[in-house]
Each structure stands twice: as structure tokens, then as C-alpha cells.
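Notes follow the structure.
When a residue number appears, it is its place in the shown sequence, counting from 1.
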Amino acid sequence: MKISLVLSGGAARGAFHLGVLQAIDELGVEIDVISGSSIGAIIATSYAAGISPKRQLEIFKSKEFKKAFKFNYFKKGLFQVDAQKSIIQKLVPIKNIEDTSIKLYVSAIDLISGDIIYFEKGPANILCVASSAVVPLFRPIDYKNYKLADGGIMDNFPITPIIKYTNPIIGVDLHPLEKGCKNSMMAIMKRILFLMWRASVQKQIGFCDLYISNKKLSQYGLYSFKKLDEIFDLGYKQAMMDIKCFLNQTIDSK
């Protein structure tokens, strides 16, 4: 079966994406087109460039990967990513995103126009770094006439560019919606901001033929890389269960 795949942003929780991709590979499902935002864009690009999920996991866990992040002395962001580091080149070993065998879309926000840009051509390393540039932690990326920042700011579930394809759509979300709200003003404000940000994602999920997430993801910090193996396993097990069920339903309906 051929599918279209959407990978949301979610920083260190991206290891969940890698577990899902591992399950997809083992189940023999073919990805025809893939779209990603933020960490989802990096993982999508790396996978489309031929880097296996387990190899990506090794790279993310490495000390060399952490060294690619440099303190930026508060110049338009606390940190910057050195896209020329060899470890980044190992993660994204292609020059342009159109060089992959899988059709690929990388989303980013242009801070000048306020538009969401779904790139299907352009320098892979620069656009991946731009898609994951969470302001103010990371500085925006200047590219052509754009000033690019994290695609997840306005579209953390970039399904828009792949709706036109006829494949079943599988969406993977690293920010599951939990029910309930604590009764403190701070908790209520955080809940309101999350729901406002989440509103567009809720609509986009409706376009998915299969939606994959797990409530346990909320237990993992976005910028803690200490439990990547655990998150990988969570994604793998969830995807194995969900995709097997989806495949069986698809066969039964024929």
C-alpha cells in the first residue's frame, strides 16, 4: 500500500515519529509523499534521503548532534544551529529537498509576509533548520526574500500540500489533546493558549484516514533528549497496532 504521511512538530518527541517510521518499514507500507513541520520536517527529509529511523535515532542521541547547537549571545535568539556541522550533514545528506525519491514538503513561516510556505524545492539543510527555528530560542533564518521560522507556529500539522494526492493519509501528532483543566489561573491561561494554537490541527486531523498519537507523549518534555529510546518504542508499538488494524480494515473493505 502507498500512503501520504504527515509529521507534526514536537522537538524531542520526534523520536515517536521514528518509531512510527520503523513500523511502517517493517509492515511494508510505501510512503509516496511526506510533509513535515519542525522536527517532523527534519525527520521527513532525513528519511526521504534514505536515512533509516534507527540511524536517525542514533544521530539524535549522539554528543556530536548536541554540539551542533551554539549559544547565540541573545542575537535574535538564544541558540543557533550550525547547519554545516558534519553530524547535520549525516542526518540530511542531500543538497536539495527535491533530490529525494519520496515527494517531500517542508513547512515554515515567513515572518515578513505572515504566510505559511510549503517548500518542495530548495536547500535541504537550510530549510530544515528554518522549519525548526522556534523563536525566541532560535533565530529566524534568512533565505531569499524570506525570514523563516518554525512551521509549527501556524501549521503544526502540515496536511495542506498533500491533500491533492489520492493515497490514504496517515498523520502523526506529537501534541495529543488531553481532556480536563486544572483550576488555577495559570493553568487556565496555558490551556486557553494551547487550545487556540491547537484549533487548526483539530480541523486538519479530519482529513486523515489514520491518525496516530498517544496520550503518554504529554509526559515527555519537548527539549529533554534523555528518553528518546522510550519515546521511539512508544511510537513503534502504537503504529504497529494502529497500522495493522488500518490495513486489515482496508483489505476487508475491498
Side-chain angles (χ1 to χ4, degrees), residues 1-61 91 100-107 152 156-159 162-163 165 167-178 198 201-202 204-222 225 227-253:
M1 171 186 283
K2 288 187 177 182
I3 65 161
S4 297
L5 183 66
V6 183
L7 301 180
S8 82
R13 294 178 189 172
F16 187 89
H17 286 328
L18 297 177
V20 171
L21 286 168
Q22 183 65 31
I24 285 174
D25 284 350
E26 291 183 16
L27 291 171
V29 175
E30 182 180 349
I31 300 173
D32 188 44
V33 56
I34 186 169
S35 175
S37 177
S38 197
I39 189 63
I42 295 173
I43 289 172
T45 302
S46 186
Y47 181 84
I51 308 302
S52 72
K54 288 188 176 180
R55 175 56 182 149
Q56 287 191 54
L57 183 64
E58 291 176 3
I59 292 173
F60 285 126
K61 288 164 57 180
L91 187 63
T100 62
S101 57
I102 299 173
K103 182 63 180 178
L104 174 66
Y105 293 92
V106 171
S107 73
N156 200 48
F157 200 78
I159 202 169
I162 69 172
I163 291 176
Y165 295 89
N167 310 309
I169 297 175
I170 294 180
V172 188
D173 183 12
L174 303 180
H175 294 274
L177 178 61
E178 293 185 287
R198 173 79 185 184
V201 173
Q202 286 298 109
Q204 292 162 316
I205 288 172
F207 290 100
C208 292
D209 296 281
L210 175 62
Y211 169 77
I212 299 177
S213 190
N214 190 296
K215 292 182 179 180
K216 291 181 180 179
L217 279 167
S218 299
Q219 301 173 9
Y220 298 99
L222 294 176
F225 288 78
K227 296 184 178 181
L228 296 185
D229 288 318
E230 196 173 300
I231 301 171
F232 178 96
D233 289 339
L234 185 66
Y236 175 78
K237 291 175 182 176
Q238 187 68 53
M240 271 293 185
M241 180 177 63
D242 290 348
I243 296 174
K244 281 182 179 180
C245 182
F246 179 68
L247 292 174
N248 289 334
Q249 289 175 351
T250 303
I251 293 171
D252 291 341
S253 65

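- Between Leu174 and Ser213 there is no side-chain heavy-atom pair separated by less than 4.5 Å.
- Proximity of Val172 to Tyr211: side-chain heavy atoms (C-beta onward) are nowhere separated by under 4.5 Å.
- Inspection of the Ser4 and Asn167 side chains reveals an N or O donor paired with an N or O acceptor under 3.5 Å.
- Using a 4.5 Å heavy-atom threshold, the side chains of Gln238 and Val20 count as separate.
- For the pair Lys244 and Leu27, the minimum side-chain heavy-atom distance is below 4.5 Å.
- For Leu5 against Ile162, the heavy-atom pair with the smallest separation is O-CD1, 4.0 Å.
- Residues Leu91 and Gln56 have side chains in contact (heavy-atom distance under 4.5 Å, counting atoms from C-beta outward).
- No more than 12 heavy-atom neighbours from other residues, nucleotides or ligands sit within 6.0 angstrom of NZ on Lys227.
- Among all heavy-atom pairs drawn from Asn156 and Gly9, the shortest one is OD1-N, 3.1 Å.
- Counting heavy atoms from C-beta outward, Ile24 and Ile3 have side chains that approach closer than 4.5 Å.
- Between the side chain of Asp242 and the main chain of Ile212, no donor-acceptor pair closer than 3.5 Å is present.
- You'll find the side chain of Phe157 stays beyond 4.5 Å of the side chain of Leu7, heavy atoms only.
- Looking only at distances, no side-chain donor or acceptor of Thr100 sits under 3.5 Å from a matching main-chain atom of Ala49.
- Taken from CE in Met241 to CZ in Phe246, the straight-line distance is 15.0 Å, to the nearest 0.5 Å.
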Can His175 and Leu217 be said to form a side chain to side chain contact (heavy atoms under 4.5 Å, CB included), step by step?
CA-CA 7 Å; His175 294 274; Leu217 279 167; over 6 Å; no
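- Relative to the ring axis of Tyr220, Lys216 does not place its NZ or CZ within 45° and under 6.0 Å from the centre.
- Between Leu21 and Pro53, the shortest heavy-atom distance links the atoms CB-CG, 3.6 Å.
- A donor-acceptor pair is defined here as one N or O able to donate and one able to accept, closer than 3.5 Å; no such pair exists between the side chain of Ser46 and the backbone of Ile51.
- Atom NZ of Lys54 is separated from atom CD1 of Ile59 by 15.0 Å, given to the nearest 0.5 angstrom.
- One distance of note links CG of Asp209 with CD1 of Ile170; it measures 8.5 Å at 0.5 Å rounding.
- Taking CD from Gln22 and CG from Leu57, the interatomic distance works out to 9.5 Å, rounded to the nearest 0.5 Å.
- Ion pair Lys61/Glu58 not flagged as a salt bridge, since none of the NZ, NE, NH1 or NH2 atoms sits closer than 4.0 Å to an Asp/Glu carboxylate oxygen.
- If you take CZ on Phe60 and CD1 on Ile231, they are separated by 11.5 Å, rounding to the nearest 0.5 Å.
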Side chain to side chain contact (heavy atoms under 4.5 Å, CB included) assessment of Ile159 paired with Cys208:
CA-CA 8 Å; Ile159 202 169; Cys208 292; 3.9 Å; yes
Intermediate values then yes/no, side chain to side chain contact (heavy atoms under 4.5 Å, CB included), Ile34 and Val6
CA-CA 6 Å; Ile34 186 169; Val6 183; over 6 Å; no
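- Counting heavy atoms from C-beta on, the side chains of Tyr47 and Ile102 come closer than 4.5 Å.
- Partner Ser8 forms a side chain to side chain contact (heavy atoms under 4.5 Å, CB included) with one of Gln204, His17, Arg13 and no other, that one being His17.
- Other residues, nucleotides and ligands contribute only 12 or fewer heavy atoms inside 6.0 Å of the CZ atom of Phe207.
- Closest approach of Gly10 and Ile39 over heavy atoms only: N-CG2, 3.4 Å.
- Using modelled atom types and a 3.5 Å distance limit, the side chains of Asp32 and Tyr165 yield no donor-acceptor pair.
- Note that CZ of Phe16 and CD of Glu230 are 13.0 Å apart. Values are rounded to the nearest 0.5 Å.
- A donor-acceptor contact shorter than 3.5 Å links the side chain of Ser52 to the backbone of Arg55.
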